[in-house]
Amino acid sequence: MKYDYLIVGAGLFGSIFAYEANKKGYKCLVIDKRNHIGGNIYTEKIEGIQVHKYGAHIFHTSNKRVWEYIQQFAEFNRFTNSPIAKYKDEIYNMPFNMNTFNKLWGVVTPQEAQEKINEQIKESGIMKPKNLEEQAISLVGKDIYEKLIKGYTQKQWGKPCNELPSFIIKRLPVRFTYDNNYFNDLYQGIPIGGYTQIIEKMLDGIDVQLNCNFFDRKEDYISMAKKVVFTGMIDQYYDYCFGELEYRSLKFETEILELNNYQGNAVVNYNEYEIPFTRIIEHKHFEFGIQPKTIITKEYPATWKKGDEPYYPMNDEKNNKLYAKYKELADKEENIIFGGRLGMYKYFDMHNVIEEALQTCIKEFGENDD
Ligand code: FAD
Ligand code: UDP
């Protein structure tokens, strides 16, 4: 066998694993079916602007170890995500905070805002939220739900809010302060020079083969290494033997515009259902760019079918139960490790993936002594 590890997927999980294994002296081969490394965090410089090719990626974490780890590979800028939500002709600040409440109801103090929300929660009669709709109303009341959550969420996930799990909306902070920071985390920023350099540094000196789909030569690939690290779809690995997991896909539409500032903010959400995209990102604002042109990307949610990119796992009860069956098979494997957003079927952000990858490395190689 030529390699100690075959790593399927040159995304964040696979690349961290490869980097740590290589450091310990193990020989790795990384393959990816795409024509580039980086998976969904891939960025590309166009017109002097770092373009996030698979949607806005803002790094945030409260885990000091994760923050220090990622900074070995890039310096981060001071970007703070403060999206704007557009509903018809109205503009609101996100996440839900005193600025949002003031614009919506004219309330000025946290007490007034809380009273308004409590009134709406009381009217709804919801005691124990059972789904995303009920969870949202019991967090921020009916007005915000109707304008800023209902349409956006339904188009994002392709299902009505009362058929979706509550945890999705709990990702967003609700604050009774005038603070537009989308995240509560201690550390936040965008790598100066983009994300791809991070993966390039991780994979430096390691064998990488692009445009290679593991499933085209599954047995060959498995026979090349003592162990496999698999970061693709776990249900596909097992040939969908228990049935297909559900995913949500996206389509990205990117344009170069002959003006220097299109929307004045990195992320603008489009919250009405009738507009088919969920957000427009203007890449230069992630890095305070002053280039003469600008580049924008519209993000359209899409139904996933085999062959499409599975951007989001659908972590509802039905799919989580199905995943548990695959996980049972995976736990019995001695020579295969499943990792990352697709291998573990979890709505992970980058910091979660780093935590998981480092945990996996500790299990595999022991604690790092450097
Ligand atoms: P991936 O990046 O998906 O990498 C898996 C790799 O495996 C891919 O390159 C794929 O091509 C390859 N692969 C799959 N199957 C095969 C196969 N059969 N053969 C060969 N190769 C294969 N996180 C944040 O922290 N902040 C954000 O702001 C943020 N925004 C996001 C916005 C969007 C639109 C999306 C989709 C995700 C966002 N994330 C964000 C999450 C972030 O992208 C993920 O946490 C991270 O990229 C997952 O890394 P991964 O290695 O698990 O998976
Ligand atoms: N969401 C919403 N309105 C918004 C932004 C987000 O209703 O203006 C909901 C939506 O259901 C979304 C979830 O909050 O899927 C999580 O949002 P986040 O920005 O974390 O989504 P991601 O960046 O992962 O797509």
Side-chain angles (χ1 to χ4, degrees), residues 6-17 30-42 52-61 66 70 81 83-87 92 94-96 100 132 136 140 144-145 147-157 161 164-165 167-173 182-183 185 188 190 195 199 209-218 221 229-234 236-237 247-250 252 267-271 278-279 281 286 297 299 301 309-313 338-344 346-354 356-357:
L6 167 78
I7 296 152
V8 181
L12 192 55
F13 190 100
S15 302
I16 292 174
F17 189 93
V30 180
I31 63 165
D32 203 295
K33 63 180 179 180
R34 298 188 191 176
N35 63 3
H36 60 76
I37 56 170
N40 290 337
I41 70 171
Y42 177 66
H52 298 212
K53 295 292 272 199
Y54 300 95
H57 277 76
I58 300 112
F59 195 91
H60 57 98
T61 184
V66 165
I70 200 68
N81 194 26
I84 298 290
K86 203 162 175 277
Y87 178 79
Y92 294 95
M94 293 292 287
F96 313 116
T100 330
L132 194 153
V140 286
I144 291 184
Y145 170 70
K147 288 190 170 179
L148 301 182
I149 299 176
K150 191 177 175 183
Y152 186 104
T153 298
Q154 190 163 340
K155 62 186 170 181
Q156 169 69 11
W157 297 100
C161 293
L164 287 165
F167 86 91
I168 295 177
I169 201 66
K170 287 203 221 144
R171 284 169 62 87
L172 307 189
Y182 203 55
F183 304 112
D185 282 320
Q188 183 173 175
I190 302 280
Y195 285 93
I199 304 293
Q209 293 178 9
L210 299 175
N211 301 304
C212 294
N213 191 328
F214 174 73
F215 295 108
D216 291 345
R217 288 169 48 205
K218 184 173 176 182
Y221 280 127
V229 175
F230 185 80
T231 72
M233 292 154 57
I234 187 168
Q236 186 179 17
Y237 185 90
Y247 301 88
R248 192 76 178 142
S249 196
L250 298 170
F252 298 102
V267 183
V268 177
N269 293 350
Y270 284 75
N271 294 52
T278 46
R279 46 194 173 191
I281 62 176
F286 288 119
T297 301
E299 193 173 312
E309 281 297 340
Y311 289 107
Y312 293 89
F338 291 87
R341 198 157 163 156
L342 302 175
M344 299 168 85
K346 288 232 166 54
Y347 191 176
F348 282 148
D349 277 334
M350 291 179 276
H351 60 283
N352 306 121
V353 169
I354 296 173
E356 289 294 333

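Numbering of ligands and ligand atoms starts at 1, following listing order. This one's a predicted model, so the numbers in the text were calculated from it and none came from an experiment.
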Could you check [atom] against the protein and tell me its nearest heavy-atom contact, residue, atom and distance included?
| atom | result |
| --- | --- |
| atom 15 (O) of ligand 2 | Trp157 NE1, 2.9 Å |
| atom 25 (O) of ligand 2 | Tyr312 OH, 2.5 Å |
| atom 26 (N) of ligand 1 | Ile58 O, 2.8 Å |
| atom 3 (N) of ligand 2 | Leu148 O, 2.8 Å |
| atom 17 (C) of ligand 1 | Asn213 OD1, 3.6 Å |
| atom 10 (C) of ligand 1 | Asp32 OD1, 3.5 Å |
| atom 25 (O) of ligand 1 | Met350 N, 2.8 Å |
| atom 5 (C) of ligand 2 | Asn269 ND2, 3.5 Å |
| atom 23 (O) of ligand 2 | Arg279 NH1, 3.1 Å |
| atom 1 (N) of ligand 2 | Tyr152 CD2, 3.6 Å |
| atom 5 (C) of ligand 1 | Thr231 OG1, 3.7 Å |
| atom 19 (N) of ligand 1 | Phe214 N, 3.0 Å |
| atom 19 (O) of ligand 2 | Tyr182 OH, 2.6 Å |

Backbone or side chain, does any N or O of [X] fall under 3.5 Å from an N or O of ligand 1?
| X | answer |
| --- | --- |
| Phe348 | yes |
| His351 | no |
| Asp349 | yes |
| Phe59 | no |

Enclosure of Lys150 NZ (heavy-atom neighbours >12, cutoff 6.0 Å): no
Nearest-option assignment for [atom], heavy atoms, candidates [options]:
| atom | options | value |
| --- | --- | --- |
| atom 21 (N) of ligand 1 | Arg248, Lys33, Gln188 | Lys33 |
| atom 31 (C) of ligand 1 | Arg279, His52, His57 | His57 |
| atom 21 (O) of ligand 2 | Tyr92, Tyr145, Tyr270, Tyr347 | Tyr347 |
| atom 1 (P) of ligand 1 | Leu342, Val8, Asn40 | Asn40 |
| atom 30 (N) of ligand 1 | Pro310, Ala357, Gly55, Ala56 | Ala56 |
| atom 46 (C) of ligand 1 | Val353, Ile37, Leu210 | Val353 |

Keeping the roles fixed (side chain from [X], backbone from [Y]), state whether a donor-acceptor pair exists under 3.5 Å.
| X | Y | value |
| --- | --- | --- |
| Ser249 | Glu309 | yes |
| Tyr195 | His57 | yes |
| Asn213 | Phe215 | yes |
| Asn271 | Leu148 | yes |
| His60 | Gln188 | no |

Any heavy atom of Asn352 under 4.0 Å from ligand 1? The part involved is neither
Any heavy atom of Tyr54 under 4.0 Å from ligand 1? The part involved is backbone
Under 4.0 Å from a heavy atom of [X]: give me the atoms of ligand 1 that qualify, with their elements.
| X | value |
| --- | --- |
| Tyr312 | 33 (C), 34 (C) |
| Phe13 | 51 (O) |
| Gly232 | 14 (C), 15 (N) |
| Gly9 | 6 (C), 7 (O), 12 (C) |

Margin query: Does the structure place the NZ or CZ of Arg34 under 6.0 Å from the centre of the six-membered ring of Tyr54, at an angle of no more than 45° from the ring's axis?
Written below: yes
Exercise for the section: Check whether NZ of the Lys or CZ of the Arg Arg171 lies under 6.0 Å from the centre of the six-membered ring of Phe183 and within 45 degrees of that ring's axis. Expected result: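 Ring-cation test returns no.
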Taking 4.0 Å as the limit for heavy-atom contacts, which would you say applies to [X] with ligand 2: side chain only, backbone only, both, or neither?
| X | answer |
| --- | --- |
| Arg248 | neither |
| Asn271 | side chain |
| Ile168 | both |

Going by the atom numbers of ligand 2, which of them fall below 4.0 Å from some non-hydrogen atom of [X]?
| X | answer |
| --- | --- |
| Thr153 | 2 (C), 7 (O), 9 (C), 10 (C), 11 (O) |
| Ile169 | 9 (C), 14 (O) |
| Met94 | 4 (C), 5 (C), 8 (O) |
| Ile149 | 7 (O) |

Legend entry - Within-cutoff protein neighbour (heavy atom, under 4.0 Å) for atom 53 (O) of ligand 1: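 So far as the 4.0 Å threshold goes, atom 53 (O) of ligand 1 is out of reach of every protein heavy atom.
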d(Ile354 CD1, Ile70 CD1) to nearest 0.5 Å is 4.0 Å
Within this structure, what is the CG-NE2 distance for the pair Leu210 and His36, rounded to the nearest 0.5 Å?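 Leu210 CG to His36 NE2: 8.5 Å, rounded to 0.5 Å.
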Review point. Less than 6.0 Å separating the ring centroids of Tyr311 and Phe252?
Key: yes
Over 60° means perpendicular and under 30° means parallel, so tell me whether Tyr237 and Phe338 are parallel, tilted or perpendicular.
perpendicular
State if Lys150 counts as touching ligand 2 under the rule of any non-hydrogen atom under 4.0 Å.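 No, Lys150 has no heavy atom closer than 4.0 Å to ligand 2.
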Is there a polar contact, in the sense of an N or O pair closer than 3.5 Å, between Arg171 and ligand 2? yes
